[in-house]
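A short write-up of the structure that comes next.
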Amino acid sequence: MLSGFFNYDNPVWRFIGKFGDLIILNVLWLVCSLPIFTIGASTTAVYYVTLKLARDDDGYTIRSFFKSFKENFKQSTIIWLILLLAGAILGVDLYFFARLFNGSSTVKTVMLTVFLAMALIYAAVAMYIFPLQSRFYNPLKRTFFNAFFMSIRHLFRTIGMIVIDGVLIAAGFVFMIPPVLMIFMLFGFPLLAFINSYILSPVFNIYMPKEERVEEEGLRPLFSDDSEPVSSILMAKGDEVETKTDDQKLTDHDRTK
């Protein structure tokens, strides 16, 4: 019994091992996000790994992180800069109407309602866009559309992620609850990505092609009609098979992304 418990393949130890991966990811995310403009690529790379962890598709954490960081760098950076600009504009507008606007109270209430609604849409899109970038091939415009579409179609999951992330961030950095703050110091943003990945994995599985269809006709795009070019549609990414050194056999862990 004890030998089975201490076996690394035991589900308990595998789950504990995932938290070790999160510590590594936290260091990688912090270091690779230091130039600020690379936060998008770092966040995409974190989701690339945490989505694999959520599928129990354990592999090489550091190698997988930098693989995704390199492959998604350009588009993830553009996405991040767009979100940063949009977030700054929303933040200024909300601050203006909440603190500086001295006009009609009706106008103030209407404008605050409008911008708060836009802020919620912004948060919903942000919940999906980097995981989508890590998991699917897409043009930039289509990535934003799919993030918005999925956030609405899977509204309860979207609300769940926003609430969970919001509560944890508020507990750690607003109310400064010591245990939560310590957890964030240890695991950082990858902890939120890890939690979100468990919520997102069933969603993404809906849009992933079946294995038999992959073998027969390649990856089937999402939201397509027969007349639309494949290159303009959401298409699932697949992992390149990673090999071990010294001519060892291919691992089973990194055959799917």
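- Counting all heavy atoms, side chain and backbone alike, L94 lies closest to L112 at O-CD2, 4.0 Å.
- No donor-acceptor pair under 3.5 Å is formed between the side chain of S151 and the backbone N or O of T158.
- Minimum heavy-atom separation, P131 to L51: O-CD1, 4.0 Å.
- Crowding of Y95 atom OH: a count of heavy atoms from other residues, nucleotides or ligands under 6.0 Å not exceeding 12.
- Evaluated for a side chain to side chain contact (heavy atoms under 4.5 Å, CB included) with I169, the options L192, V180, V174, I164 yield exactly one hit, L192.
- A donor-acceptor contact shorter than 3.5 Å is absent between the side chain of W29 and the backbone of A45.
- Side-chain atoms of N205 come within 3.5 Å of backbone atoms of S201 as a donor-acceptor pair (strictly under, hydrogens ignored).
- The main-chain N or O of S64 is never found under 3.5 Å from a side-chain atom of S68 such that the two would form a donor-acceptor pair.
- Listed for the Y122 side chain is a donor-acceptor partner under 3.5 Å among the backbone atoms of L83.
- Between M208 and R135, some side-chain heavy-atom pair lies under the 4.5 Å cut-off.
- With hydrogens and angles disregarded, no donor-acceptor distance shorter than 3.5 Å links the side chain of N26 to the backbone of P190.
- In this structure, L200 and M127 approach most closely via the heavy-atom pair CD1-O, 4.0 Å.
- Under the 6.0 Å cut-off for aromatic ring centres, Y128 and F149 do not qualify, their centroids lying 6.0 Å or more apart.
- One N or O on the side chain of Q75 and one on the backbone of N138 form a donor-acceptor pair closer than 3.5 Å.
- With a 4.5 Å cut-off on side-chain heavy atoms, L28 and F69 do not count as touching.
- Checked against the 6.0 Å centroid criterion, the rings of F148 and F144 do not qualify as a close aromatic pair.
- With 3.5 Å as the limit, one finds no donor-acceptor pair spanning the side chains of T44 and N72.
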